[in-house]
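Contents: one structure, followed by commentary.
Everything quoted here is computed from the prediction, not taken from an experiment.
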Amino acid sequence: MTIINQFWNSILFWAAWIIIPLLMEILPSLGSFLILIKKRLFSKHYENPFFFPEVTIIIPIYNSEDSLEECIKSINNSDYPKNKMRIFLVNNQGKDCSFQVYMKCQELYPNLWMQWLNAKQGKSRALNLALFNAQGKYIIHVDSDGQFEPHAISNMVKKFEACSEVNCMTGVILTLPKKIEEYKGRLSRLLRKMEFMEYAQAFLAGRNYASETNSIYTLSGAFSAFRKSVVLKSQLYNTDTICEDTNITFQMRYLQHTKVHICEEAIFYVEPIESVNRLYTQRQRWQRGSLEVSHQFLKKDLKVHKMFTNVMVRTLLYDHTFAFPRLIWYFALICLMCMNYSAKVILFSIGIIFLLYMISGYFYYFSIVGFLKKFDDLKKYYCKHWYLVPLLPFFTFLIFFIRLAGIINSINTQSAWKTRTLTEERKDFLKELKREIQKPIKLLKKARKAVNYK
């Protein structure tokens, strides 16, 4: 009987310990790796069109004086015909010298057709104003703090022209390697390099796989493109959410009934994250925005059985609802120790799971190397950071808790583009903790005063 009990306890231990990471992280990564290999082996080559159509590039501006010139310079250095590009810079009530930068760029790049527009505050309003003024066959919108890879625009248009069924695409977002290396201090550079590796995995692996299975959740707000004829039939960018990019994605899927694709050869570089506070607010905003948009579109479909038929419900459950069993799993270590499991067994199980994460991470790594085949410098930079792959699970672990904080903070606070930083929340926490500690101290003082009353 003792042997049977030990056997069942072992099964329950390994099932409870491994099933969550196995089902939620490792098996999907292995499946996506196989699809990525298939896509890589049978990838299509898109030829230059007979003539390049006119495109409109929309750049929302908000206090962008430090990055705007480099963004415009990257458009000028693009291999897309300059006489086929129309550029709208839409200022949504910024208060810096971005307009002076725009005037300087007009002199530096006289062959670029650029126009400055003033919009009401909010990125969505800025984008919508430009959409109404847009010309050409395709519309591309990018953030002002990034730079195009020289072939990005033409690669995006070539795929549009070759695939008539494609109406919207996201580009690939990566952080600028040159900017990463400028950071002083090993820890500072390590954080930015981890962010670079995360972006590469998220777009060149994650969204590539999602594109194949028609399950892309968000057209990146930093770099996305549409057929003008399709996007103007939509409800345009929603002003009631902080994630207008996710909202337009859901519109394309549910209202326009069109697939959402990625162009893996269209790369847009963004600045590395400035600080941990910036990372904290950014990921919380993404998390909150996706919840808002899901509430707008998935009210009737938010049922457990729908996860098998609705890819958006499945993604929502995976990213949000399943966050809580994952949280429980992280803290199960304490329970295991209390249940008299030896440290040797616990460490051995953690080692097995970590090994599985490493294997899936390197599967992604090698598939990404394949997708970067045409970008030699970028490929070399990515390849030389192979040693960071085992560290990515720890970075993901950090991001998970930030996203979880975003879920919790979204319960009792109003939606806003600017959210409290980690430093501000830490100060508020310490202040509240101090206040709570003072309560029993005050009660003790009252009790002493009452006992010692003469």
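Looking at residues two or more places apart in sequence or on another chain, you find no salt bridge (charged side-chain N to carboxylate O under 4.0 Å, His left out) involving Asp245. A search for ring-ring contact (aromatic ring centres under 6.0 Å, His included) contacts involving Phe196 returns Tyr381, not counting sequence neighbours. Residues meeting the ring-ring contact (aromatic ring centres under 6.0 Å, His included) test with Tyr269, sequence neighbours left out: none. By the ring-ring contact (aromatic ring centres under 6.0 Å, His included) test, Phe395 is found to be paired with no residue, residues two or more places apart in sequence or in another chain being considered. In this structure Tyr183 satisfies the side chain to side chain contact (heavy atoms under 4.5 Å, CB included) test together with Ser188, Arg189, Arg192, Pro272, sequence neighbours excluded. Under the rule for a salt bridge (charged side-chain N to carboxylate O under 4.0 Å, His left out), the partners of Arg435 that lie at least two apart in sequence or sit in another chain are Glu432.
Ring pair Tyr237/His141: centre-to-centre distance below 6.0 Å. A centroid separation of 6.0 Å or more is found between the aromatic rings of Tyr209 and Tyr364.
Note that OG of Ser144 is 4.5 Å distant from CD1 of Ile61, once rounded to the nearest 0.5 Å. Once rounded to the nearest 0.5 Å, the distance linking CD of Gln147 with OG of Ser74 reads 5.5 Å. With values rounded to the nearest 0.5 angstrom, Met358 atom CE is found 11.0 Å from Leu392 atom CG. Taken to the nearest 0.5 Å, the NZ atom of Lys434 stands 10.0 Å off from the NZ atom of Lys431. The OH atom of Tyr382 lies 11.5 Å from the CZ atom of Phe371; values are rounded to the nearest 0.5 Å. Atoms CG and NE2, on Leu391 and His385 in that order, are 11.5 Å from each other to the nearest 0.5 Å.
The side-chain heavy atoms of Cys105 and Ile72, taken from C-beta on, include a pair separated by under 4.5 Å. Counting only heavy atoms from C-beta outward, the side chains of Leu117 and Leu89 never approach each other to under 4.5 Å. A heavy-atom distance below 4.5 Å is found between the side chains of Met114 and Tyr102. Contact of the Ile216 side chain with the His261 side chain is not registered, since no non-hydrogen atoms from C-beta on lie closer than 4.5 Å. Residues Ile248 and Phe226 have side chains in contact (heavy-atom distance under 4.5 Å, counting atoms from C-beta outward). Between Leu236 and Phe132, the closest side-chain pair of non-hydrogen atoms falls below 4.5 Å. At a threshold of 4.5 Å between non-hydrogen side-chain atoms, the residues Cys71 and Ile59 count as touching. Proximity of Leu279 to Ser275: side-chain heavy atoms (C-beta onward) are nowhere separated by under 4.5 Å.
Among residues at least two apart or in separate chains, salt bridge (Lys or Arg N to Asp or Glu O under 4.0 Å) pairs with a member in residues 100-119 are Glu69-Lys104. Here side-chain hydrogen bond (donor to acceptor under 3.5 Å, both in side chains) pairs that include residues 110-119, with residues two or more places apart or in two chains, are Asn91-Asn118, Trp116-Asn118. Counting only residues at least two apart or in different chains, salt bridge (Lys or Arg N to Asp or Glu O under 4.0 Å) contacts with residues 196-208 comprise Glu198-Arg283. Under the salt bridge (Lys or Arg N to Asp or Glu O under 4.0 Å) criterion, the residue pairs touching residues 168-185 are Glu181-Lys193, with sequence neighbours excluded. For residues 376-394, no residue pair satisfies the salt bridge (Lys or Arg N to Asp or Glu O under 4.0 Å) rule, not counting sequence neighbours.
Under a cut-off of 6.0 angstrom, the local environment of OH in Tyr387 is crowded, with over 12 non-hydrogen atoms contributed by other residues, nucleotides or ligands. Shown here is Lys373, whose NZ atom has no more than 12 heavy atoms of other residues, nucleotides or ligands within 6.0 Å.
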What verdict does the side-chain contact (heavy atoms from CB on, under 4.5 Å) test give for Leu191 and Val276, after you've listed the backbone C-alpha separation in whole Å, the side-chain angles of each residue and the deciding distance to 0.1 Å? CA-CA 9 Å; Leu191 175 65; Val276 174; 4.1 Å; yes
Residues Ile75, Ile57; criterion side-chain contact (heavy atoms from CB on, under 4.5 Å); working and verdict: CA-CA 9 Å; Ile75 298 174; Ile57 300 173; 4.1 Å; yes
Could you walk me through whether Ile139 and Leu131 satisfy the side-chain contact (heavy atoms from CB on, under 4.5 Å) test, starting with their C-alpha distance in whole Å, then the side-chain angles of each, then the deciding distance to 0.1 Å, before giving a yes or no? CA-CA 8 Å; Ile139 293 173; Leu131 281 175; 3.4 Å; yes
Criterion side chain to side chain donor-acceptor pair (under 3.5 Å) on Ser98 and Ser64, from CA distance to verdict: CA-CA 6 Å; Ser98 296; Ser64 307; 4.7 Å; no
Verdict with reasoning, Ile368 to Gln201, per side-chain contact (heavy atoms from CB on, under 4.5 Å): CA-CA 7 Å; Ile368 291 168; Gln201 184 169 298; 4.2 Å; yes
Would you sort out whether Phe354 and Phe394 count as a ring-ring contact (aromatic ring centres under 6.0 Å, His included), showing the intermediate values? CA-CA 10 Å; Phe354 182 68; Phe394 298 103; 5.6 Å; yes
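The closest side-chain donor-acceptor pair between Thr218 and Thr246 falls under 3.5 angstrom.
Between the side chain of Gln256 and the main chain of Val230, a donor-acceptor pair closer than 3.5 Å is present. Of the possible polar contacts, one joining the Glu195 side chain to the Ile273 backbone as a donor-acceptor pair under 3.5 Å is found. Using modelled atom types, one side-chain atom of Gln251 and one backbone atom of Gln235 make a donor-acceptor pair closer than 3.5 Å. A distance-only check finds a donor-acceptor pair linking the side chain of Thr56 to the backbone of Gln135 [under 3.5 Å].
Of all non-hydrogen atoms in Met252 and Val231, the two that sit nearest each other are CE-CA, 4.3 Å.
Ring planes of Phe268 and Phe148: perpendicular class, angle over 60° (limits at 30 and 60°). The aromatic rings of Tyr365 and Tyr362 stand perpendicular to each other, their planes meeting at an angle above 60°, with 30° marking the opposite boundary.
Screening Arg86, Lys84, Lys228 for a salt bridge (charged side-chain N to carboxylate O under 4.0 Å, His left out) with Glu54, the sole residue that qualifies is Arg86.
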Check: residues 151-177 side-chain donor-acceptor pairs under 3.5 Å, at least two apart:
unit_1	atom_1	unit_2	atom_2	d
His151	ND1	Asp79	OD2	2.8
Ser154	OG	Asp79	OD1	2.9
Ser154	OG	Asp79	OD2	3.3
Ser154	OG	His151	O	3.0
Asn155	ND2	His151	O	3.2
Asn155	ND2	Glu265	O	2.8
Lys159	NZ	Ile262	O	2.6
Glu161	OE2	Lys137	NZ	2.9
Glu161	OE2	Tyr138	OH	2.3
Asn167	OD1	Arg227	NE	3.3
Asn167	ND2	Thr258	OG1	3.1
Thr170	OG1	Ser220	N	3.2

